[in-house]
**Q** 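This structure is in structure tokens; I'll ask about it shortly.
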Protein chains: 2
Amino acid sequence: MEKSTKDKILDAALDLMATSGYSGASMRKIASKVGIRESAIYNHFKNKEAIFEEIVRKLFVTAFDDFFKNHPPQIEAIKGKKYLKEFVAAYKLVAFDPKHEKLFRIILIETMHNQKVRKLFLDRFFSRDIKDLSMAFFFMMQHSLIRQEDPHLLAYEFLAPLFSLRLELTLLRMEHEGTTALSTKFERHVDFFWEGIAISSPQA
Amino acid sequence: MEKSTKDKILDAALDLMATSGYSGASMRKIASKVGIRESAIYNHFKNKEAIFEEIVRKLFVTAFDDFFKNHPPQIEAIKGKKYLKEFVAAYKLVAFDPKHEKLFRIILIETMHNQKVRKLFLDRFFSRDIKDLSMAFFFMMQHSLIRQEDPHLLAYEFLAPLFSLRLELTLLRMEHEGTTALSTKFERHVDFFWEGIAISSPQA
DNA sequence: GTCTATACACTGATAGAC
DNA sequence: GTCTATCAGTGTATAGAC
């Protein structure tokens, strides 16, 4: 079962892009890696950007959609802090996974100069994840696990430091610097966050 | 008093870069905007990257260094929440200022493919600002305004959502979408954050 | 020192033959 | 689908005029 030329192009492009950046991954290098001429690529993709849009679309996977599918807030949010811990564990798994790390780098680059990717980025990090998480906080409030607050705000406040950590992680990796010190920060964030919103003394 | 050619090059480059992105600002366009030949640019800058490094270095100003100079934590942190409000007001001023917005866009782009800018970025957003702010939190703790917590962690948790808002703001602007809804989120962040750490009932 | 002229290797992209 | 040939545009370099 031979891979299609189109898939070979995508693989080659992802590889080159991850190591040499967007502009470092020239059409000629991609073509030579696949074993065809540059112009042949244009039979499969409109242009260079189209290649990376497809990479992003294919790999910008539903890492957290999966989490919410397997941990539906309506049922599991009752776990309170434990639920957040599980979310962060899933988040860390993605953040530290080499393949997703590559992708995250590409997304960040492309976000700044490709409108379609930018829209994906905005929708993903500033809408969908927040919407899913805010539902969990809503249920926690209903069960008096946390104090009354706008669920949307809570989700934003919970996710922003995680995103920040992931960004820092990516940049440090690009510098080939250590990231072990970062690892514990994820859990410390949950502890701090929960401390600020939890209802410690039971009340009606 | 005529501007030097070097400054003209920097101005032209910043302008082109802000509207057409890094690769859209070609050496030929920059040169023609200044009124010289491409090759003349190389009398003033080693290469294209050197131009943008200089732009970033010059404009990546000490917007928040200024704040801490005018609002020394050792003296003013006693104001507690009011101090944070003032910081966020300064932060918003920078975030919504057109010139700094341009710069922020360039920095984000360059961070992903220029090591020097990346180092600047890491130092600025993940070290210096946090270090300065953590001192303020340290003093608030000493005055029993907030609960005991790692000042560094507090600074991180306080800054991350602000950075996140600024990023979202920048991306929305690139989409020519409205940002008025974002504006109030800055203040809501301070309210939420303070609620989570403040010592409400006075205690020794 | 500052500019012009010219050249080079490389880029993304297209047209047309097989 | 893939090729060859070719295009304009890019960053960069150097030699030489003023």
Side-chain angles (χ1 to χ4, degrees), chain A residues 1-57 105-107 109-118, chain B residues 1-57 105-107 109-118:
Chain A
M1 184 60 177
E2 181 72 2
K3 264 190 179 174
S4 73
T5 305
K6 186 166 180 173
D7 282 340
K8 281 189 200 163
I9 294 172
L10 287 173
D11 286 350
L14 174 59
D15 243 49
L16 285 167
M17 179 85 180
T19 54
S20 327
Y22 181 82
S23 33
S26 74
M27 297 296 262
R28 277 159 181 80
K29 282 185 193 163
I30 295 170
S32 106
K33 191 158 187 166
V34 174
I36 55 174
R37 300 283 101 150
E38 309 89 276
S39 49
I41 296 179
Y42 291 87
N43 289 314
H44 305 277
F45 297 95
K46 184 175 167 280
N47 53 28
K48 189 180 175 183
E49 285 214 343
I51 297 178
F52 292 108
E53 278 171 21
E54 182 126 343
I55 289 180
V56 170
R57 209 178 300 116
R105 203 141 83 203
I106 296 176
I107 288 172
I109 296 172
E110 282 293 272
T111 290
M112 296 316 294
H113 72 257
N114 178 314
Q115 209 214 14
K116 286 183 187 171
V117 176
R118 189 158 56 244
Chain B
M1 182 60 176
E2 181 73 2
K3 264 191 180 174
S4 73
T5 305
K6 187 166 180 173
D7 282 341
K8 281 189 198 164
I9 293 172
L10 287 173
D11 286 350
L14 174 60
D15 241 49
L16 285 167
M17 180 83 179
T19 54
S20 327
Y22 181 81
S23 33
S26 75
M27 297 296 261
R28 278 159 180 82
K29 282 185 194 162
I30 295 170
S32 106
K33 189 156 188 168
V34 175
I36 55 175
R37 299 287 104 157
E38 309 89 277
S39 50
I41 296 179
Y42 290 87
N43 290 314
H44 305 276
F45 297 96
K46 184 176 167 278
N47 53 26
K48 190 180 173 181
E49 285 214 342
I51 298 178
F52 291 108
E53 279 170 21
E54 181 125 347
I55 289 180
V56 170
R57 208 177 302 116
R105 204 142 82 202
I106 296 176
I107 287 171
I109 296 172
E110 282 293 273
T111 290
M112 296 316 292
H113 73 256
N114 179 314
Q115 209 213 15
K116 286 183 189 171
V117 176
R118 191 159 54 244

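Lettering of chains follows the sequences in order, A, B, ..., and the numbering in each one begins at 1. Every heavy atom of this structure was used, including side-chain atoms; hydrogens, water molecules and symmetry mates were not.
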**Q** With B:Phe52 as reference, evaluate B:Glu54, B:Glu49, B:Lys48 under the side-chain contact (heavy atoms from CB on, under 4.5 Å) test and give the passing residue.
**A**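 That would be B:Lys48; it is the only one of B:Glu54, B:Glu49, B:Lys48 passing the side-chain contact (heavy atoms from CB on, under 4.5 Å) with B:Phe52.
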
**Q** Between A:Asp7 (CG) and D:dG1 (P), how many Å, whole number?
**A**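 Rounding to the nearest Å, CG of A:Asp7 and P of D:dG1 are 13 Å apart.
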
**Q** Specify the separation, in whole Å, of atom CD1 of B:Ile30 and atom P of D:dT12.
**A**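 Checked: the CD1 to P distance equals 10 Å.
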
**Q** Would you name the heavy atoms of A:Met27 and A:Ile41 that are closest together and state the gap between them?
**A**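 Reported closest heavy-atom pair: O-CD1, 3.6 Å.
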
**Q** Which pair of heavy atoms, one from B:Phe45 and one from B:Lys6, lies closest together, and at what distance?
**A**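 The answer is CZ-CG, 3.6 Å.
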
**Q** In whole Å, what is the span from the OH atom of A:Tyr42 to the C1' atom of C:dT11?
**A**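 In whole Å, C:dT11 C1' and A:Tyr42 OH are 9 Å from each other.
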
**Q** Which part of the nucleic acid, if any, lies within reach of B:Thr5 when heavy atoms closer than 4.0 Å are counted: base, sugar-phosphate only, or nothing?
**A**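 Contact class for B:Thr5: sugar-phosphate only.
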
**Q** Between C:dA13 atom P and A:Ile36 atom CD1, what is the distance in whole Å?
**A**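 Rounded to the whole Å, the gap is 14 Å.
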
**Q** Rounded to the Å, how far apart are B:Lys8 NZ and C:dT2 C1'?
**A**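 About 13 Å, once rounded to whole Å.
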
**Q** A:Met27 has a side chain; which of C:dG12, C:dC3, D:dT12 sits nearest to it?
**A**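 Of C:dG12, C:dC3, D:dT12, C:dG12 is nearest to the side chain of A:Met27.
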
**Q** Between atom CD1 in A:Ile51 and atom C1' in C:dA13, what is the gap in whole Å?
**A**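 Spelled out: CD1 on A:Ile51 to C1' on C:dA13 is 12 Å.
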
**Q** Whole-Å distance between C:dA13 P and A:His44 NE2?
**A**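 To the nearest whole Å, that distance equals 15 Å.
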
**Q** For A:Lys46 and C:dA13, give me the distance from atom NZ to atom C1', rounded to whole Å.
**A**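 A:Lys46 atom NZ is separated from C:dA13 atom C1' by 11 Å.
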
**Q** On DNA chain D, does the nearest nucleotide to B:Ser26 precede the nearest nucleotide to A:Arg37 from the 5' side, or the other way round? Give the residue.
**A**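 That would be A:Arg37.
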
**Q** What contact category does B:Asn47 fall into here, base, sugar-phosphate, or nothing, at under 4.0 angstrom with non-hydrogen atoms?
**A**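 Sugar-phosphate contact only.
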
**Q** Kindly say whether, by distance alone, the side chain of B:Arg28 makes a donor-acceptor pair under 3.5 Å with the base of D:dG11?
**A**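 Yes.
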
**Q** For the OG1 atom of A:Thr5 and the NZ atom of A:Lys3, what is their distance to the nearest 0.5 Å?
**A**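 Output value for this atom pair is 12.0 Å.
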
**Q** Ignoring hydrogens and angles, are the base of D:dT4 and the side chain of A:Ser39 linked by a donor-acceptor pair under 3.5 Å?
**A**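 For A:Ser39, whose side chain was compared with the base of D:dT4, there is a donor-acceptor pair (under 3.5 Å).
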
**Q** Taking atom NZ of A:Lys116 as the centre, report whether more than 12 heavy atoms of other residues, nucleotides or ligands fall under 6.0 Å from it.
**A**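 No, the 6.0 Å shell around NZ holds no more than 12 heavy atoms from other groups.
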
